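Here the structure is a predicted model, which means the values were calculated and not measured.
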Amino acid sequence: MSNNSSLVPVKDLKPFKTKWRSQVKVLHWWLQHTGFGGDTLQMILTDEQGEKITASCKRNHILTVQRKLPLGKWRVLTTFSVSQTSGQYPPTSHPYKITITEETTISNSDLIQDSIFLSLARYNDIIDGTLKTIFLIDVMGKIVENCKIICSVEAVDTDWAWFYFGHKGCKHRAIKIGKNVSTRSNPADKHLWRCEKCQVRITEVILVFKLHLIVRDDTETCKLILLNIVAKTIAGHEVVDLWDGSYDEIEDPELLPKPIKTLVGKSFCFGISVSSENVRDGADTFKVLQILSGDHILNVESQFEPISMIGTSSSTVSSEVVLMLEGNSQNDSEECKTPFAKGKY
């Protein structure tokens with residue numbers, strides 16, 4: 001029996017935590033192989049309101065998931081990762097996707113709902129271009145790789161947490177398994193974690209800034225991601241200084257530290273990276289490599305996460321967005337005289 005009061009609708013799933021509990025059924029699944037990810041099981045899930053979302057699991061979980069999450073049967077998923085969808089042709093319009101891991105629990109549901117949840121498009125909408133559709137195109141000319149933008153912070157994107165716990169070795173995200181272990185050398189209990197990249201269990205993690213901002217210039221808005229050194233510079237604090245000391249997942253992402261809240265409304269000159277995924281796949285999140293103030297440039301020392309982990313969106317990159325991000329080399333020195341606003345808290 002499922003407790004409906006604690007079930008989260010698919011439309012409300014966001015990446016800031018993993019302790020979600022949703023009631024879904026599989027509409028379709030297929031096996032997929034990629035050179036970097038190996039064999040995966042891809043699924044289209046829906047909730048009882050007909051909201052659809054993509055889900056996947058890795059090879060070592062495929063048989064278990066197929067057995068516990070059969071086609072057309074309602075089940076309750078508890079504890080799973082939510083990340084931004086990627087790829088040229090996303091199967092659903094939901095901006096995020098679910099990843100089923102070894103921590104995910106799949107239990108029976110008492111819901112009886114036999115709808116096949118078809119979302120049929122009107123023929124006229126297809127013909128007149130009303131529907132948002134991604135087309136294959138040839139790109140002519142030079143693809144922007146790095147450029148500068150002067151913009152103001154419109155909002156902090158609280159769909160994402162502003163930091164994550166990372167593996168000290170590779171600095172990729174670590175998920176708390178929820179068990180404690182003791183050792184002879186250190187009798188005090190420690191949290192047990194699993195590195196999402198290395199798939200190893202660890203007991204020590206580090207805090208990593210991962211700040212998502214929505215910014216605007218005089219033509220358009222876009223999303224930026226700032227990691228570690230760049231985020232530290234713009235926030236004016238080490239991530240550990242803003243952390244509340246809890247190893248639990250963030251339950252209310254709207255509760256932000258004051259130095260991060262006060263970024264809203266400030267203007268900056270950012271040096272950003274425009275990757276092939278931004279141009280080819282329509283990713284609308286750009287990584288900030290530099291914060292510029294006059295002749296001063298702060299560079300990111302290392303790139304901890306590939307753009308695929310940073311997250312992408314299903315929207316098509318429009319010419320207006322690319323034009324907004326294109327820098328004019330003749331005017332770079334003038335454009336970046338916008339003062340770097342250091343926060344006073």
*Pick out which of L226, V230, L242, I229 makes a side-chain contact (heavy atoms from CB on, under 4.5 Å) with F209.*
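It is L242; the other options fail the test.
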*Could you check whether the rings of Y96 and W160 sit parallel, tilted or perpendicular, using 30° and 60° as the cut-offs?*
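Judged by the thresholds at 30° and 60°, the geometry between Y96 and W160 is perpendicular.
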Could you tell me which residues satisfy salt bridge (charged side-chain N to carboxylate O under 4.0 Å, His left out) with [X], sequence neighbours excluded, listed by chain and number?
{"X": "E154", "value": "R216"}
{"X": "E249", "value": "none"}
{"X": "K11", "value": "none"}

*asked:* Would a single hydrophobic cluster contain both I214 and V156, if residues Ile, Leu, Val, Met, Phe, Trp and Tyr are joined by side-chain heavy-atom contacts under 4.5 Å?
replied: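 Different clusters: V156 never reaches I214 through Ile, Leu, Val, Met, Phe, Trp or Tyr contacts under 4.5 Å.
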*side-chain hydrogen bond (donor to acceptor under 3.5 Å, both in side chains) partners for T158, two or more places apart*: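 With neighbours one apart ignored, the set is E254.
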*Going by atom types alone, do T40 and Q42 pair a side-chain donor with an acceptor below 3.5 Å?*
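Checked: T40/Q42 side chains pair up, N/O donor to acceptor below 3.5 Å.
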*Sequence neighbours excluded - side-chain hydrogen bond (donor to acceptor under 3.5 Å, both in side chains) pairs with any residue from residues 66-82*: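 side-chain hydrogen bond (donor to acceptor under 3.5 Å, both in side chains) check on residues 66-82 returns R75-N108.
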Counting C-beta onward and ignoring hydrogens, is there a side-chain heavy-atom pair between [X] and [Y] closer than 4.5 Å?
{"X": "V208", "Y": "N228", "answer": "yes"}
{"X": "P257", "Y": "W162", "answer": "yes"}
{"X": "S152", "Y": "V215", "answer": "no"}

*Hey, what do you get for CD (E102) to CD1 (I175), rounding to the nearest 0.5 Å?*
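The CD atom of E102 sits 10.5 Å away from the CD1 atom of I175.
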*How far does CD1 of I44 sit from OG1 of T54, to the nearest 0.5 angstrom?*
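Reported value, rounded in 0.5 Å steps: 4.0 Å.
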*Sequence neighbours excluded, every pair satisfying salt bridge (Lys or Arg N to Asp or Glu O under 4.0 Å) that has a member inside residues 229-248*: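 As it turns out, the salt bridge (Lys or Arg N to Asp or Glu O under 4.0 Å) pairs with a partner in residues 229-248, which skip direct neighbours, are K176-D248, K232-E238.
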